[in-house]
Number of protein chains: 2
Amino acid sequence: MNTPTLAPAGLPIAAVERDTGLAKDTLRVWERRYGFPLPVRDSHGERVYSPEQVDKLRLIRRLIDQGLRPAKLIGLDPQALGQMLDELGGPRADDDPERTAHFQAILKFVRLHLHEDLRRTLQQSLMKTGLQQFVTGVVAPLNHVVGDAWLRGELEVAEEHLYTEQVQNILRTAISTQTSTTRERPIVMLTTFPDEQHALGLLMVEAMIAPEGACCVSLGIQTPLEDIRAAATAGRFDIIAVSFSGAYPARLAIEGLRSLRTALPETIALWAGGAGLRGAERKLPGVKVFKTLEEVPAALHAWRRDAEATLQP
Amino acid sequence: MNTPTLAPAGLPIAAVERDTGLAKDTLRVWERRYGFPLPVRDSHGERVYSPEQVDKLRLIRRLIDQGLRPAKLIGLDPQALGQMLDELGGPRADDDPERTAHFQAILKFVRLHLHEDLRRTLQQSLMKTGLQQFVTGVVAPLNHVVGDAWLRGELEVAEEHLYTEQVQNILRTAISTQTSTTRERPIVMLTTFPDEQHALGLLMVEAMIAPEGACCVSLGIQTPLEDIRAAATAGRFDIIAVSFSGAYPARLAIEGLRSLRTALPETIALWAGGAGLRGAERKLPGVKVFKTLEEVPAALHAWRRDAEATLQP
DNA sequence: CATAGTATTTGTCCTAGACAATTACGGTTC
DNA sequence: GAACCGTAATTGTCTAGGACAAATACTATG
């Protein structure tokens, strides 16, 4: 663990590991093989990475998460990397200039630390459109906008935190007002696999389900597979929903979902979604894979129809 | 990153690092120096740790967090380690058998995955005693009970998650109903230093402050020092509150708080608390160090008195 | 009892090699 | 053109043991 510091002239390898998510071993082997990053050394011969190197590593990391390979990226300059990200991000659906302006305004609140304005604006959006619309139409695209801005270095870590916290607060509050009134079936468990840290995706799913009158229980992030299985049967759950962020390796997600599917009773449905599952639908028989959050309410309705049909044959 | 698995006969070194918080390098050097843990090797010569070894490592880790040193612990058997923890945990203030029974009942709900009962019971406690009393009298001691149970292997990870999530939900909801009505000074920023993952402590502080009518803004966990400083001045904060869990090294906490104190304007107060700051009060001039959450409301009142005195000299 | 100096403990970094798992590629078949 | 297969290149993570500074414990001295 490294001393928290105010003026980081350069970062030691442990800090870079934290900031980029690239293991120390990986950083060293890249240096050996590709010649980047080539940090300077301090008086003890230990690596000291410049902020620029860390920025570039962050870009590379993000592109690798998108499926590209290190060798093709590591020689490029940061500008080219940023451009690749733009193109890969897909055709920005910015056809609505009003919405875009709205998002930029919110992003400005985040940048200027105007927490009250941020909170108020989000709250107003929520009230205007309702929880589900708020999630699909505001939170989801905003996440993209904020994520991109952070990647480009336009946001500080604290600012990204501020955003995430405020959104989580609003979603949690909204969800809890929903849940207290209704306790219908299905009973849904929400969680992520180990090594998956992103709670926001989970919360968004919960926000899509709660208004439908279903009973949601979130185990939070990073639940071991065996614990999910045990809790699933012990808690009489109808549906287990697992979310994967873009940073989660698709291979592990598929593998884990498969073994979980086998281990779970057939009566319990397994739902999965998130950017980490791009194009994995057909590799996962028996698992309901969601491409977008919009599909969630329909899937819930379908579950209820099936349940009725089974009960009254 | 390791494949999530259902039947872990043994864990690879990366998984042990995740589960115990001990770095791979540390695990290898302990093996070299002390002969423990001595994992078996798979067909590729790679370490495979038994669940028992991991359990013992967890115990050792916790005791090290309490200030003990590896050499004295590593030879002991798990039973002796557990006993040390009991003694170190201090004289259990279990003088009230009714309260103890209440906590055990809640712990049972957690163990049996009775999320609804858990939620209802906590909610009732909250309603009966009020938010501040709920935090100091229920949540804080419950955290100890749950933490101990988890350490002893009586709880699964998922169960500990379930507890944390439910408590966070209840606190967040309670806080948000408080905040929406009042926006008085002081404006308080809440966060933790990098490498500090525990959000619950932060939330408990917020719950102590919000009913006093102050304006709380949580940046969430792991904010870099420089970002705290920048956000502090940009957001016109009166107080910066930082929380440290028991696992956070006291040295780093002190060091970080000192440099933050120097970097902040004198008009901004710096508050700190949590198990990570045991006996560090006098090493931190200019920083208000909290031993317990009970002190928080009084400190707020004191701040307001001072503020009035300054404004009307 | 405090304080300064010395010895021990301890975590993290270093180098450099190895290898399995993954991905890319070229050829073949339907 | 799409799906499959075997081979080649790529890539992350593990291995070993050495080194050293920071943190802690111990000891002598005021």
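A, B, ... follow the sequence lines: proteins, then strands. Residue 1 opens every chain.
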Worked verdict on A/Glu226 versus A/Arg229 for salt bridge (Lys or Arg N to Asp or Glu O under 4.0 Å): CA-CA 5 Å; A/Glu226 167 55 23; A/Arg229 192 203 56 73; 2.8 Å; yes
Along DNA chain D (nearest heavy atom to each residue), the more 5'-positioned of B/Arg33 and B/Arg41: B/Arg41
Sugar-phosphate, base or nothing in reach of B/Arg47, heavy atoms under 4.0 Å: sugar-phosphate
Output one line per pair: protein atom, nucleotide atom from nucleotides 2-6 of chain C, and distance, for all N/O pairs under 3.5 Å.
none

Choose from [options] the nucleotide whose nearest atom is closest to any side-chain atom of [X].
X	options	answer
B/Val29	C/dG11, C/dC13, C/dT10	C/dG11
B/Asp25	D/dT11, C/dT10, C/dC13	C/dC13
B/Pro70	D/dT15, D/dT13, C/dT10	C/dT10

[X] vs [N]: side-chain N/O to OP1/OP2 distance below 4.0 Å:
X	N	value
A/Lys24	C/dC13	yes
A/Tyr34	D/dT11	yes
B/Arg32	C/dT10	no

Test salt bridge (Lys or Arg N to Asp or Glu O under 4.0 Å) applied to A/Lys24 and B/Glu17, step by step: CA-CA 14 Å; A/Lys24 294 195 254 280; B/Glu17 176 178 43; over 6 Å; no
Sequence-aligned protein contact record of nucleotides 22-27 of chain D, with B where the base is within under 4.0 Å of a protein heavy atom and S where only the sugar-phosphate is: -SSS--
